[in-house]
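Comments concern the structure below.
For the single chain, residues carry numbers from 1 onward in sequence order.
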Amino acid sequence: MIDDLKDAIDYLSEEDAKSVLLQTMIHVRMIHGAREESEKMIDELVHWQQEVLRMACNEDMRVERPYQTVHLVCGESPAGSLKVGLDRHQKVIGFPDFFGDGPVRHLDQKSGQRQRLEWLRDHLNGQDDYFEKEYEKRLAKALKEIEAIPREVPIVLWSGENADEQTGIRYFLYLIREKENVVSIINTTIAFKKLYNTETFQEFHPHTGGVEPEKLQRMYLGNAARPLTEVERRRYEQEWESLSDMGGTLRIWKNQQVQAVNENYYDSLILSIAANMTDDQGDGFVKAARIIGEALGRIDDVVSDMFLEYRVRCLVYSGIFEIKGIPKSMMHYTVSMKEE
């Protein structure tokens, strides 16, 4: 029942959700103020719940307000920042995935999507069973929203200088390859440098998710969006095809290109950090979360902490690390270099 409610609420627009919340609060207040008719009021509240579910689950009843532009960004957190920064006439689609790791082979097809989901389930420790319960539904919703973009509405892709978003925009451009919409790209790393960096202030934001909403708004209003030519669109589409055919489960952004590397690419860094880190309890063992946090701070690209935790477990499985605890999350176990 709870899952059904969550699914229904996901389909509500922000405006509809506010209306539902207001009406619910009114119903609750009426119940509180009319105790002698509490059973009747509770029946009315249950009826209201059923109406909300019917409205949310009936696609014919969901009428989305007109919007001026569609914004596509990798990740639901950056999408939230964009929704705060942009006005209500902008539609934001946050793609619920991280493209820096995991297979992306034929991800534009159902078979590739299933293969990716299986890999994520088998290798990464997602919070609250995310990959088992949420990922597939959110992916389907995002793909449906992209497919439904009207042909006359401009599309803006947001990306920084990192493998996740650079892979993502190539994927998005391949998905919309048949659409004739005007498509632009905002490179948030470059736009931030131009707008905010000075001789005395230097800040680097490799990922859109690290930029504040008001600064994203200024990038958009300041015409940072660069329209793509047909030639550029075709080039991005071809680069996606190459990435899709390349295979592999880890990508980096190097020399202005997305490059596939072996998934043990960061293992030497993890081992170096573990070897030089002081232990937590005087027993030679270090929390996996500490090693991963230190690695994230040293890596120039944007890397998923879940992927690095997976690599720590691989070093355990291969006999390089000893382990204490149960590796159900990076907070639940410690590791130590195994003695020769």
Side-chain angles (χ1 to χ4, degrees), residues 73-81 94-105 107 112-113 115-136 138-139 142 158-172 188-189 204-211 243 246-254 258-271 273-274 287-317 321 327-333 335:
V73 64
C74 294
E76 293 172 317
S77 178
S81 296
F95 206 85
D97 211 336
F98 183 86
F99 292 105
D101 54 59
V104 294
R105 187 174 178 82
L107 195 58
Q113 294 162 18
Q115 180 188 21
R116 178 170 175 81
L117 175 57
E118 289 174 6
W119 189 92
L120 295 172
R121 284 175 173 169
D122 291 344
H123 294 82
L124 303 188
N125 275 328
Q127 292 184 344
D128 301 321
D129 295 326
Y130 175 77
F131 297 121
E132 288 77 13
K133 296 180 178 179
E134 294 292 329
Y135 174 84
E136 197 168 11
R138 296 190 186 188
L139 175 68
W158 293 76
S159 173
E161 298 282 290
N162 60 83
D164 168 34
E165 293 181 298
Q166 292 291 336
T167 301
I169 61 173
R170 285 156 175 79
Y171 176 51
F172 299 151
T188 50
T189 305
F204 179 70
H205 282 284
H207 200 283
T208 303
V211 184
L243 278 171
M246 198 178 299
T249 56
L250 181 63
R251 286 159 293 283
I252 62 171
W253 178 246
K254 188 175 182 180
V258 178
Q259 300 181 14
V261 295
N262 193 292
E263 69 173 21
N264 66 6
Y265 185 80
Y266 294 114
D267 285 10
S268 59
L269 174 62
I270 292 171
L271 290 169
I273 291 171
K287 286 187 179 294
R290 284 186 60 202
I291 298 172
I292 293 163
E294 181 69 21
L296 288 171
R298 294 193 194 181
I299 296 170
D300 291 333
D301 206 341
V302 179
V303 186
S304 162
D305 58 351
M306 289 188 292
F307 181 83
L308 292 179
E309 192 274 328
Y310 157 61
R311 292 311 308 167
V312 171
R313 278 186 284 116
C314 285
L315 293 169
V316 171
Y317 302 150
F321 278 152
K328 58 183 179 180
S329 83
M330 67 182 74
M331 303 299 296
H332 286 83
Y333 65 101
V335 295

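Here the shortest heavy-atom pairing between Ala260 and Gly247 reads CB-O, 4.2 Å. When all heavy atoms of Ala163 and Asp301 are compared, the closest pair comes out as N-OD1, 3.3 Å. Nearest heavy atoms, Val312 versus Phe321: O-CD1, 3.9 Å. Among all heavy-atom pairs drawn from Ser159 and Ile169, the shortest one is CB-CG2, 3.6 Å. Residue Gly209 comes nearest to Pro78 through the heavy atom pair CA-CG, 3.7 Å, listed as atom of the first residue, atom of the second, then distance. For the pair Tyr333 and Pro327, the tightest heavy-atom approach, listed with the atom from each and the gap, is CD2-CA, 3.3 Å.
Rounded to the nearest 0.5 angstrom, Ile299 CD1 and Tyr266 OH are separated by 5.0 Å. In this structure, the separation between OG on Ser329 and CD on Gln127 is 8.5 Å, given to the nearest 0.5 Å. Rounded to the nearest 0.5 angstrom, Leu120 CG and Glu132 CD are separated by 10.0 Å. Considering CD of Gln113 and CD of Glu118, their distance stands at 12.5 Å, rounded to 0.5 Å. Within the model, atoms CG of Asn125 and CZ of Phe131 stand 9.0 Å from one another, a figure rounded to the nearest 0.5 Å. Here the CD atom belonging to Glu165 is positioned 5.5 Å from the SG atom belonging to Cys74, to the nearest 0.5 angstrom.
Counted within 6.0 Å of CG on Asn264, heavy atoms from surrounding residues, nucleotides or ligands total more than 12; the atom is thus considered enclosed. The number of heavy-atom neighbours closer than 6.0 Å to CG of Asp128, taken from other residues, nucleotides and ligands shown, is 12 or below.
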With side-chain contact (heavy atoms from CB on, under 4.5 Å) as the test, would you mind laying out the steps for Leu107 and Arg116 before giving the verdict?
CA-CA 8 Å; Leu107 195 58; Arg116 178 170 175 81; 3.6 Å; yes
With side chain to side chain donor-acceptor pair (under 3.5 Å) as the test, would you mind laying out the steps for Asp97 and Tyr135 before giving the verdict?
CA-CA 8 Å; Asp97 211 336; Tyr135 174 84; 2.5 Å; yes
### Task
Apply side-chain contact (heavy atoms from CB on, under 4.5 Å) to the pair Ile273 and Leu269, showing each step before the final yes or no.
CA-CA 6 Å; Ile273 291 171; Leu269 174 62; 3.9 Å; yes
| request: Verify side-chain contact (heavy atoms from CB on, under 4.5 Å) between Glu136 and Arg121, making sure each step is shown before the conclusion. | output: CA-CA 11 Å; Glu136 197 168 11; Arg121 284 175 173 169; 4.0 Å; yes
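Applying side-chain contact (heavy atoms from CB on, under 4.5 Å) to Arg251 and the options Val261, Asp164, Val104 leaves one that passes, Val104.
A perpendicular orientation is assigned to the rings of Trp119 and Tyr310, their planes being inclined by more than 60° (bins at 30° and 60°). Using bins of under 30°, 30° to 60° and over 60° for the plane-to-plane angle, the ring pair Phe172/Phe99 lands in the perpendicular bin.
Side-chain contact annotation: Tyr265 with Gln259, donor-acceptor N/O pair under 3.5 Å absent.
Residues forming a side-chain hydrogen bond (donor to acceptor under 3.5 Å, both in side chains) with Gln115 (at least two apart in sequence, or on another chain): none. For Glu76, the salt bridge (charged side-chain N to carboxylate O under 4.0 Å, His left out) partners at least two apart in sequence or on another chain are Arg138. Residues meeting the salt bridge (charged side-chain N to carboxylate O under 4.0 Å, His left out) test with Glu161, sequence neighbours left out: none. Partners of Asp267 according to the salt bridge (charged side-chain N to carboxylate O under 4.0 Å, His left out) rule, which considers only residues two or more places apart in sequence or in another chain, are Arg311. Scored by the salt bridge (charged side-chain N to carboxylate O under 4.0 Å, His left out) test, Asp101 finds no partners at all (sequence neighbours excluded).
Checking side-chain atoms of Thr249 against main-chain N and O of Pro103 turns up no donor-acceptor pair under 3.5 Å.
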Show the atom names and distances, to 0.1 Å, of all donor-acceptor pairs under 3.5 Å that link a side chain in residues 288-296 to residues at least two apart or in another chain.
residue: Arg290; atom: NH1; partner: Thr278; partner atom: O; Å: 3.0
residue: Arg290; atom: NH1; partner: Asp280; partner atom: OD1; Å: 2.7
residue: Glu294; atom: OE2; partner: Arg298; partner atom: NE; Å: 3.0
residue: Glu294; atom: OE2; partner: Arg298; partner atom: NH2; Å: 3.3

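Within the 6.0 Å centre-distance limit, the rings of Tyr171 and Phe95 are counted as a close aromatic pair.
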